[in-house]
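Positions are given from 1, in the same order as the sequence printed here.
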Amino acid sequence: MADQHNRTPGSSWRPVTQAELLQWSVLNTATAGEDTTAATEPAQREPIDPKWVDVLLGKGDALRMKECVETVANTDLSVDERIEAFDELELLVESLDNANDLRSLKLWAPIIAQLSSDIARLRMYAPGFLARLSRTTPHRRQTYFLNAGGLEPVLRLLEQDEDAEVRAKALYCISGESIRCRDHHHTARCPC
């Protein structure tokens, strides 16, 4: 997947080229032979455009996760762009810390909302994403999933969706949740 650190939701994305980065650095660096301010005068510099900071340092994962969810929820974007954002979000939440941050960033509800999307591919992708997400620290994710109201829309997909692939992903999600609940029940109180 291409570098997406400088993409903002709703905007067309284009990577910053090396030529643009070089041009920015030349414009923002003075040499001794150029017209520079005297040593006693403080240098007056233009503020640095945040896109260059993002290119050099990269955005924080929390910000990237928020942008991914905003992109997934943005109905003005193409389905492919929205699915690509889901893929990027899935990679980000492979980190346990990032997966735990979904709750504090209030990202569960917009993800679960995709279970009711008019677009079958998004309805199919959402329960698969939720099932894969709950594999990392299952008890905590399962509790978040249930508290965020995820079970009812997944059951609705399983019972009522016309698309067989969507129903299959809903079954995958529900079966994973029930297996983790059964496994957790043997060691502690089940949140179900």
Chemist: Residues in salt bridge (Lys or Arg N to Asp or Glu O under 4.0 Å) with Arg103, at least two apart?
Modeler: none

Chemist: Looking at Pro127 and Cys173, what are the two nearest heavy atoms and their distance?
Modeler: O-CB, 3.5 Å

Chemist: Starting at CG of Leu102, measure out to NZ of Lys66 and round the result to the nearest 0.5 Å.
Modeler: 12.0 Å

Chemist: Atom OH in Tyr172, atom CG in Leu158: separation rounded to 0.5 Å?
Modeler: 15.0 Å

Chemist: Go through Arg82 and Thr75 one step at a time and tell me if the side chain to side chain contact (heavy atoms under 4.5 Å, CB included) criterion holds.
Modeler: CA-CA 9 Å; Arg82 295 169 74 186; Thr75 57; 4.2 Å; yes

Chemist: Please work out which of the three classes, parallel, tilted or perpendicular, describes the rings of Tyr144 and Trp108, given edges at 30° and 60°.
Modeler: perpendicular

Chemist: Can you sort out the partners of Asp61 under side-chain contact (heavy atoms from CB on, under 4.5 Å), two or more places apart, ordered by chain and number?
Modeler: Arg64, Leu92, Asn98

Chemist: Does Arg121 reach the side chain of Asp80, with side-chain heavy atoms less than 4.5 Å apart?
Modeler: yes

Chemist: Let me see the working for Arg156 and Glu152 under salt bridge (Lys or Arg N to Asp or Glu O under 4.0 Å), right down to the final yes or no.
Modeler: CA-CA 6 Å; Arg156 193 175 321 112; Glu152 186 178 326; 3.4 Å; yes

Chemist: Would you mind reporting whether Ile111 and Leu133 have side-chain heavy atoms less than 4.5 Å apart?
Modeler: no

Chemist: Is the NZ or CZ atom of Arg132 both under 6.0 Å from the centre of the six-membered ring of Phe145 and within 45° of that ring's axis?
Modeler: no

Chemist: Can you measure from CG (Leu96) to CG (Asp101) and round to the nearest 0.5 angstrom?
Modeler: 9.5 Å

Chemist: Could you grab the distance from atom CG of Leu151 to atom CG of Leu115, nearest 0.5 Å is fine?
Modeler: 10.5 Å

Chemist: Can you find a heavy atom in the side chain of Val72 that is under 4.5 Å from one in the side chain of Leu89?
Modeler: no

Chemist: Taking atom CG of Leu107 and atom CD1 of Ile112, what is their separation to the nearest 0.5 Å?
Modeler: 11.0 Å

Chemist: For the OG atom of Ser95 and the CG atom of Asn100, what is their distance to the nearest 0.5 Å?
Modeler: 8.5 Å

Chemist: My understanding is that only residues two or more places apart in sequence, or in another chain, count here; which of them pass salt bridge (Lys or Arg N to Asp or Glu O under 4.0 Å) with Arg167?
Modeler: none

Chemist: Test Arg123 against Asp161 for salt bridge (Lys or Arg N to Asp or Glu O under 4.0 Å), laying out the working first.
Modeler: CA-CA 9 Å; Arg123 286 194 319 272; Asp161 204 278; 2.6 Å; yes

Chemist: What I'd like to find out is whether the side chain of Ile119 reaches to under 4.5 Å of the side chain of Gln114, using heavy atoms alone.
Modeler: no

